[in-house]
Amino acid sequence: MADVDGLKVAKDYKVDVPFANQGDFHVKGANNLDWGMKKHLSNIFDPVSGNTVMFAFDHGYFMGSTAGLERLDVLLPQLIPYVDVLMGTRGAIRTCVPANCQKGIALRTTSGSSMLNDDLSHEVLAVDIEDVIRMNADCMAIQTFIGADGQLSSLDNLSKAVNAGMRYSVPVMGVVAVGKQMERTGRFFKLATRILAELGANIIKTYNCEDFEEVVAACPVPIVVAGGKKLPEKEALELAYEVISKGARGVDMGRNIFQSQKPAVMAQAVNMVVHKGATAKEAYEFFQETE
Ligand code: R5P
């Protein structure tokens with residue numbers, strides 16, 4: 001292991017230089033993967049825009065019933081037409097997502113804490129690969145806590161999921177968690193996203209931050225950005241526009257869609273930004289004008 005004392009600061013990110021090993025496949029870092037992996041990744045990232053709108057409704061895995069998600073069975077059918085991927089737990093997906101829905105599935109596969117715990121960073125890999133395959137999931141979402149108490153178990157979970165995923169051609173999405181004591185700095189997100197990609201994650205879910213272009217440039221797999229706490233719709237659309245402009249390949253948005261007064265319209269507005277090149281202003285006008 002390299003000596004960390006006196007390390008030079010990384011700075012040569014070449015943000016204007018496109019990823020050099022793209023080949024003829026549209027998903028960053030996936031050119032050398034096999035057909036099954038590429039098929040799953042194509043179910044997530046649209047081959048035309050290269051981007052994805054994930055709808056995250058996995059909050060119940062540690063929060064239980066969450067404002068806006070009280071009735072998944074009622075909410076999900078309204079949103080499914082406007083999103084590419086449904087990110088949830090196996091319990092929520094099996095019970096509330098119609099099996100004839102032709103959308104990608106990002107299956108939350110770690111768990112182990114609840115909002116009653118102070119430290120959420122200790123999780124286990126809770127879904128075995130057979131059930132991931134049974135559900136035809138397009139990726140396994142693994143929560144990871146870099147720099148937190150639970151870092152070792154997080155990275156163990158991620159590595160085990162990558163090992164199983166490589167065996168059966170199921171991609172892994174590393175989800176960067178930010179512990180209560182941690183700072184949302186570009187430095188932290190560069191560290192966390194790159195560690196997860198180096199350990200074999202095929203997609204990284206993380207947050208917007210300063211120097212976000214550098215986070216994207218230094219990460220050899222696609223980044224999707226979490227929405228985070230509920231913002232006014234205008235600001236949430238500005239966030240989506242900003243990160244897509246800076247190289248994110250999509251958003252994985254939860255509360256900013258399901259806690260909106262008009263969840264289905266908000267999902268459409270996000271979709272316009274992510275897939276159709278709409279500006280935040282255009283998408284917000286659509287949101288305001290549409291019932
Ligand atoms: C975080 O652990 C979960 O993956 C959430 O689903 C995620 O943070 C996305 O939801 P939101 O946009 O509400 O933050």
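Indexing begins at 1, ligand by ligand and atom by atom, following the structure's order. Worth knowing before you read on, the calculation uses all heavy atoms, side chains too, and leaves out hydrogens, waters and symmetry mates.
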Check the pair R134, E130 against salt bridge (charged side-chain N to carboxylate O under 4.0 Å, His left out), reporting the backbone distance first and the verdict last. CA-CA 6 Å; R134 234 177 260 127; E130 287 80 5; 5.9 Å; no
Evaluation steps, side-chain hydrogen bond (donor to acceptor under 3.5 Å, both in side chains), between D84 and H275: CA-CA 10 Å; D84 302 295; H275 287 304; 2.6 Å; yes
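Listed by number with element, the atoms of ligand 1 under 4.0 Å from a non-hydrogen atom of G228 are 11 (P), 12 (O), 13 (O), 14 (O). Under a 4.0 Å criterion applied to the non-hydrogen atoms of G254, ligand 1 contributes the atoms 10 (O), 11 (P), 12 (O), 13 (O). Ligand 1 places these atoms under 4.0 Å from at least one heavy atom of M87: 4 (O). Short contacts between ligand 1 and G227, defined as distances under 4.0 Å to a heavy atom of the residue, involve ligand atoms 12 (O). Atoms of ligand 1 found under 4.0 Å from any heavy atom of M253 (numbered from 1 in listed order, with element): 12 (O). Below 4.0 Å from some heavy atom of A56 lie the following atoms of ligand 1, by number and element: 6 (O), 9 (C), 10 (O).
Among all protein heavy atoms, the one lying closest to atom 8 (O) of ligand 1 is K205 NZ, 3.7 Å. The shortest contact between atom 10 (O) of ligand 1 and any protein heavy atom is with H59 NE2, 3.1 Å. Looking from atom 2 (O) of ligand 1 to the surrounding protein, the closest heavy atom is Q143 NE2, 3.0 Å. Annotation: atom 14 (O) of ligand 1 to nearest protein heavy atom, R255 NH2, 2.9 Å.
In the displayed structure, L152 atom CG is contacted under 6.0 Å by at most 12 heavy atoms of other residues, nucleotides or ligands.
With 3.5 Å as the limit, one finds no donor-acceptor pair spanning the side chains of S121 and D149. T110 and Q143 share no donor-acceptor pair across their side chains, judged by distance under 3.5 Å alone.
Inter-residue side-chain proximity for K246 and V225 is flagged as unmet; no heavy-atom pair is nearer than 4.5 Å.
Hydrophobic clustering, with ILVMFWY side chains joined whenever heavy atoms are under 4.5 angstrom apart, groups M173 together with V178.
Below 3.5 Å of separation, one finds an N or O of R108 facing an N or O of ligand 1. For ligand 1, the polar-atom distance check finds an N/O of D58 within less than 3.5 Å of one of the ligand's N/O atoms.
Remark: R249 is not positioned above the aromatic ring of F45, lacking an NZ or CZ atom under 6.0 angstrom from the ring centre and at most 45 degrees off the axis.
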